[in-house]
Amino acid sequence: MSWIASHFNYVVVVVLMMAGLFIVFSSGNLIKRMIGLAMFQTSTGLFYITLSKVSGGTAAITLKADSETGRALAAPLDLAYIEQFGVDGVVYSNPLPHVLILTAIVVGVATLAVGLAIAVRIREAYGTVEADEIDALSRVTAEQAEPAP
Amino acid sequence: VIVLETLYVATPVLTAQAPILAIVIPLLGACAAAMAPSARTAWMISVAASLFGAWMALAVAGEAMREGVLVYVLGGFDPPMGIALRIDAMGALMGLLIGGVGTLAAVFSGHSLVAEVHAEKHTLFQAGFLLVQAGLVGLVFTGDAFNAFVFLEVSSIGTYALVAVGEKRDRRALPAAFNYLIMGTVGATFYVIGVGFLYAATGTLNMVDMAARLATLDQSMAVQAGFAFVIAGLGVKAAMFPLHGWLPGAYAGGPSLISVLLAATATKAAIYLMVRFMFEVFPQGTAFGEAFLTWVLAPLAAAGAIVCSVQAVFARELRRMIAFSSVAQVGFIFLGVSLANADGISASLFYMVAHGLMKATMFMALGALALSIGARRLDDFAGVAREAPWTAVAFAVGAASLVGTPLTMGFLAKWGLIEAAIASGQVWIAAVIAAGSVLTVIYVGRMIEAMFFRAPSPGAPRAKEAPIGVLAPLLVLAGLSIWFGLDASLPEQLSQAGAARLFEVRP
């Protein structure tokens with residue numbers, strides 16, 4: 001139980017990831033598959049952010065510990081912790097994964113946009129967004145292209 | 001090296017900036033093409049930007065051969081903190097392949113798009129085409145693991161859209177593109193998860209730095225999980241059997257131009273990155289790595305080489321046949337990689353170039369035929385050699401290279417692969433390659449028989465010889481397969497130097 005509590009974010013990441021993947025591969029509706037895909041991508045965002053978060057850590061903006069804001073931010077921290085890890089008594093979260101995930105979110109949005117645009121075109125060309133109906137219609141096209149010998 | 005230097009002449013200033021220009025110029029070209037007033041202007045921008053990219057790739061290749069490795073620091077932050085482009089012979093070889101095929105495909109696109117894509121989409125299509133090229137070149141040039149993901153997605157998102165545009169000819173391009181998008185994005189996300197694990201274990205994203213730190217770490221679960229995610233993710237992009245489900249539809253459905261570019265470069269760039277992770281980033285000789293190569297990579301590659309060759313034999317649509325053949329050839333390439341020594345990797349790199357050139361030739365020849373006959377089935381191509389002899393001959397050269405006929409590049413490639421397998425004592429791999437080649441002969445035989453020795457079916461649309469704008473790049477591609485079959489020094493030097501670098505002792 002305590003393991004789950006201490007790894008709560010990772011548990012959520014795995015649950016989101018699996019739920020997203022499951023939707024992608026089990027759903028026949030193209031829109032639902034895109035939703036699953038977005039969930040799956042979002043879970044990696046949470047994963048990276050969790051990696052970079054230092055408990056009590058603040059944004060990576062250099063602060064002097066003796067400045068007012070610096071003291072305010074450092075106050076809730078355990079003193080021993082500051083001694084061990086703190087820079088000037090202020091603890092920072094790792095900013096790099098945040099930046100990476102910002103990029104990954106942009107990539108995710110672009111993918112989502114292209115995917116939905118294709119879904120719209122599929123709907124125009126086939127009149128449906130259900131994968132099995134599209135397959136059936138595609139098979140008709142294939143047979144027109146190559147009548148059985 | 002001599003060949004490279006005679007081919008390449010430029011000012012030193014340009015040479016110093018070549019790595020970034022090879023990426024940025026196609027990227028800017030994409031913006032310009034999107035805003036171009038007419039399809040013709042967009043086409044000219046596309047050709048110019050691709051040509052410039054290829055020229056810069058040539059400069060990079062020359063420098064990389066001279067210096068061993070070329071590091072270009074971006075944004076004034078030194079690596080490992082900042083992002084750097086890092087190009088060795090292996091990356092240079094891939095850059096040349098992408099630049100070269102990209103340029104020829106750009107020339108070819110002038111006529112091909114008119115036949116296969118709605119007129120109002122031509123400018124945007126050229127923009128997407130340049131984006132894909134910029135992404136691929138960035139992917140093979142970058143030295144940063146996360147940067148590689150961004151470039152991977154720049155090129156992939158472009159290809160999803162471009163495959164979907166093939167709907168004018170065949171509406172099945174749309175579900176194929178959607179499927180490709182789903183699979184490709186899942187693959188890319190797996191890659192990101194893997195890089196996340198490796199970052200958590202090492203605290204760096206620079207590949208060289210990551211390699212140095214991984215070498216000193218114990219093989220923790222996090223590292224192994226990261227490796228598995230990275231390889232599985234890239235495996236989707238590389239169409240590694242059994243993750244290749246997206247490929248036949250995408251190659252068969254997309255416009256010919258996109259099949260040319262995808263078949264020649266996209267899967268190859270992903271394989272390149274996999275090789276980089278397997279042998280450069282991840283420490284060599286660990287029990288986990290060895291087990292992966294012996295029990296996962298090699299059997300899957302062998303299965304892919306055989307199963308997909310059989311599928312190609314029984315396919316009825318010509319483009320689908322060539323697409324299945326591509327998956328089978330990816331299997332051959334991975335068989336070489338699984339040998340895990342310099343000979344094997346070198347042979348695989350050489351095979352990648354050979355396969356890129358031959359498949360580009362075959363898809364481009366089909367694109368040239370599609371200008372006059374919108375055919376899909378093999379039977380529709382009956383007797384086209386009589387009406388379009390040059391196109392058919394170019395196709396036949398590509399096909400001969402695919403089979404591995406002597407005097408073509410494909411022969412040297414297969415020979416190198418079999419030689420490396422036997423030298424490593426893996427005779428079964430040589431046997432699988434031989435068996436796969438026999439199957440290749442069967443399906444290539446069916447294509448050639450239909451095109452050259454069968455009479456055209458009565459009432460079928462007559463093929464016409466393609467215009468010179470299409471024939472020229474096609475014949476250049478076919479010529480390259482033969483040229484490198486006679487004198488392979490350029491790709492051979494680069495692939496050997498690239499493979500050797502992976503296995504040299506590192507401090």
Side-chain angles (χ1 to χ4, degrees), chain A residues 13 17 20-21 24-25 30 33-34 36-38 40-45 47-52 94 96-97 99-101 103-104 106-126 129 131 133-135 137-142 144-149, chain B residues 81 128 145-147 149-150 152-154 156-161 163-165 167-168 170-186 188-197 199-201 203-205 222 229 249 252-253 315-317 320 374-380:
Chain A
V13 167
M17 203 178 273
L21 261 189
V24 168
F25 290 115
L30 301 189
R33 294 179 77 182
M34 285 313 298
L37 198 65
F40 179 55
Q41 286 181 299
T42 310
S43 71
T44 60
F47 172 59
Y48 270 68
I49 300 300
T50 309
L51 283 181
S52 67
N94 185 349
L96 182 64
V99 180
L100 298 181
I101 282 313
T103 315
V106 174
V107 170
V109 169
T111 318
L112 193 64
V114 173
L116 290 177
I118 296 177
V120 169
R121 289 293 297 119
I122 289 179
R123 157 93 200 186
E124 282 170 14
Y126 287 84
V129 287
E133 290 173 27
I134 295 168
D135 283 349
L137 288 168
S138 285
R139 217 165 293 129
V140 174
T141 318
Q144 279 163 1
E146 38 180 284
Chain B
M81 291 304 144
F146 198 84
N147 204 221
F149 159 72
V150 177
L152 187 67
E153 283 308 82
V154 167
S156 296
I157 293 176
T159 50
Y160 306 147
V163 167
V165 172
E167 50 141 353
K168 185 190 172 195
D170 180 355
R171 68 174 175 174
R172 283 176 299 166
L174 288 168
F178 191 85
N179 200 13
Y180 181 21
L181 180 134
I182 296 276
M183 296 276 285
T185 305
V186 170
T189 309
F190 266 50
Y191 176 79
V192 176
I193 298 170
V195 170
F197 274 112
Y199 177 74
T204 181
L205 289 167
F229 271 113
R316 276 185 293 181
E317 283 174 63
R320 202 164 280 270
R376 287 201 286 259
R377 281 179 310 149
L378 183 59
D379 297 340
D380 298 338

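Owing to the predicted nature of the structure, the values given are computational and were not obtained by experimental measurement.
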**Prompt:** Looking only at atom types and distance, does a side-chain atom of B:Y160 sit under 3.5 Å from a main-chain N or O of A:T111, one as donor and one as acceptor?
**Reply:**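 Not at all, since once roles are kept as given, no pair shorter than 3.5 Å links the two residues.
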Proximity breakdown for [X] and chain A, heavy-atom pairs closer than 4.5 Å:
X	value
B:V195	both
B:F146	side chain
B:F229	neither

Nearest heavy atoms of [X] and [Y], plus distance in Å:
X	Y	answer
A:A119	B:F178	CB-CE1, 4.2 Å
B:Y199	A:L96	OH-CD2, 3.5 Å
A:Y48	B:G196	OH-N, 3.0 Å

**Asked** Say you draw a straight line from CG of B:L181 to CZ of A:R33; how long is it, rounded to the nearest 0.5 Å?
**Response**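 Interatomic distance, B:L181 CG to A:R33 CZ, rounded to 0.5 Å: 10.0 Å.
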**Pair B:F149-A:V107, side-chain contact (heavy atoms from CB on, under 4.5 Å): steps then yes or no** = CA-CA 10 Å; B:F149 159 72; A:V107 170; 4.0 Å; yes
Quick one: does [X]'s side chain get under 4.5 Å of [Y]'s, heavy atoms only?
X	Y	result
A:L100	B:L205	yes
A:F40	B:I193	yes
B:V192	A:Q41	no

**Asked** Does the pair B:L174 and A:E124 meet the rule for a side-chain contact (heavy atoms from CB on, under 4.5 Å), with working shown?
**Response** CA-CA 10 Å; B:L174 288 168; A:E124 282 170 14; over 6 Å; no
**B:R172 vs A:I134, side-chain contact (heavy atoms from CB on, under 4.5 Å): CA-CA, chis, key distance, verdict** = CA-CA 9 Å; B:R172 283 176 299 166; A:I134 295 168; over 6 Å; no
Which region of [X], side chain (C-beta onward) or backbone (N, CA, C, O), has a non-hydrogen atom less than 4.5 Å from a non-hydrogen atom of chain B, or is it both or neither?
X	answer
A:L51	side chain
A:I122	both
A:N94	side chain
A:V114	both
A:L30	both

**Partner chain B: residue of A:V24, A:L21, A:L37 with the largest heavy-atom pair count (under 4.5 Å)** =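 Of the candidates given, the most pairs with chain B belong to A:L37.
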**Prompt:** What do you reckon, is CZ of A:R123 surrounded by more than 12 foreign heavy atoms closer than 6.0 Å?
**Reply:**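 For A:R123, atom CZ is not crowded (no more than 12 foreign heavy atoms under 6.0 Å).
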